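Take a look at the structure below.
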Amino acid sequence: MATPRNKRPTDAELEILRVLWARGPSTVREVFRVLAAKRDIGYTTALKLMQIMTEKGLLRRDEKVRPQVYQVARSEGHTQRQLLRHLLDRAFSGSPGNLVLQALSTKKTTAQERRRIRELLDELERDST
């Protein structure tokens with residue numbers, strides 16, 4: 001069977017990824033319980049989503065154990081960077097500066113976040129000289 005072309009996670013798939021990033025390798029039932037505590041979702045829906053995510057390469061499944069255990073194929077940071085690159089290209093014509101300006105003007109940042117942003121800008125400035 002051909003693998004789907006779009007390997008970016010959907011919103012529902014991101015929800016499952018967040019559970020697995022937080023919990024680590026888990027069964028469908030374990031993921032389902034976490035999701036069901038937050039919203040109305042059926043077990044078979046969670047199962048189907050996780051099967052699709054495995055086909056897309058977002059999850060890996062250990063078929064040697066029963067029940068099968070699923071784990072993320074990529075780190076949270078890797079997935080965030082992939083989604084950000086896509087957004088950057090589509091909405092900001094590839095301009096990181098425009099993306100950052102919009103992000104900072106949209107929501108308030110904490111003092112700690114601003115300090116980290118300054119540190120990163122200083123680091124980028126040092127690296128470019």
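Computed from a predicted model, the values in this text were never measured in an experiment.
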| field | same_hphob_cluster(Val100, Ile117) at 4.5 Å side-chain heavy-atom cutoff | value |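 They do share one cluster, since a chain of ILVMFWY contacts under 4.5 Å joins Val100 to Ile117.
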| request: Verify the cluster assignment for Val69 and Leu17: are they in a single hydrophobic cluster under the rule of side-chain heavy atoms below 4.5 Å apart? | output: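 In one cluster: no.
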Could you tell me the separation between the [atom1] atom of [X] and the [atom2] atom of [Y], rounded to the nearest 0.5 Å?
{"X": "Leu58", "Y": "Ile52", "atom1": "CG", "atom2": "CD1", "value": "10.5 Å"}
{"X": "Asn98", "Y": "Phe92", "atom1": "CG", "atom2": "CZ", "value": "7.5 Å"}
{"X": "Leu88", "Y": "Arg81", "atom1": "CG", "atom2": "CZ", "value": "14.0 Å"}
{"X": "Leu47", "Y": "Thr27", "atom1": "CG", "atom2": "OG1", "value": "11.0 Å"}
{"X": "Asp11", "Y": "Ile16", "atom1": "CG", "atom2": "CD1", "value": "11.5 Å"}
{"X": "Thr54", "Y": "Leu59", "atom1": "OG1", "atom2": "CG", "value": "4.5 Å"}

| request: Work out which heavy atom in Phe32 is nearest to a heavy atom in Ala46; give both atom names and the distance. | output: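 Closest approach of Phe32 to Ala46: CB-CB, 4.2 Å.
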| task | Write down the atom of Ala73, the atom of Gly57, and the distance for their closest heavy-atom approach. | result |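 So the two residues come closest at CB-O, 3.1 Å.
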With salt bridge (charged side-chain N to carboxylate O under 4.0 Å, His left out) as the rule and sequence neighbours excluded, what pairs involving [range] come up?
{"range": "residues 120-129", "value": "none"}
{"range": "residues 57-79", "value": "Arg61-Glu63"}
{"range": "residues 101-120", "value": "Arg116-Glu119"}

| field | Non-neighbouring partners of Arg23 that pass side chain to side chain contact (heavy atoms under 4.5 Å, CB included), sequence neighbours left out | value |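 With sequence neighbours excluded, Arg23 shows a side chain to side chain contact (heavy atoms under 4.5 Å, CB included) to Val19, Ser26, Glu30, Val34, given in chain and number order.
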| Partner set under side chain to side chain contact (heavy atoms under 4.5 Å, CB included) for Leu83, not counting sequence neighbours |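 Only Arg8, Pro9, Leu14, Thr79 meet the side chain to side chain contact (heavy atoms under 4.5 Å, CB included) criterion with Leu83.
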| Can you list every pair that meets side-chain hydrogen bond (donor to acceptor under 3.5 Å, both in side chains) and has a residue in residues 31-51, with sequence neighbours left out? |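 Passing the test, one end in residues 31-51: Glu15-Arg39.
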| said: Between Met50 and Glu13, is there a side-chain heavy-atom distance shorter than 4.5 Å? | reply: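 They are not in contact (no side-chain heavy atoms under 4.5 Å apart), so the answer is no.
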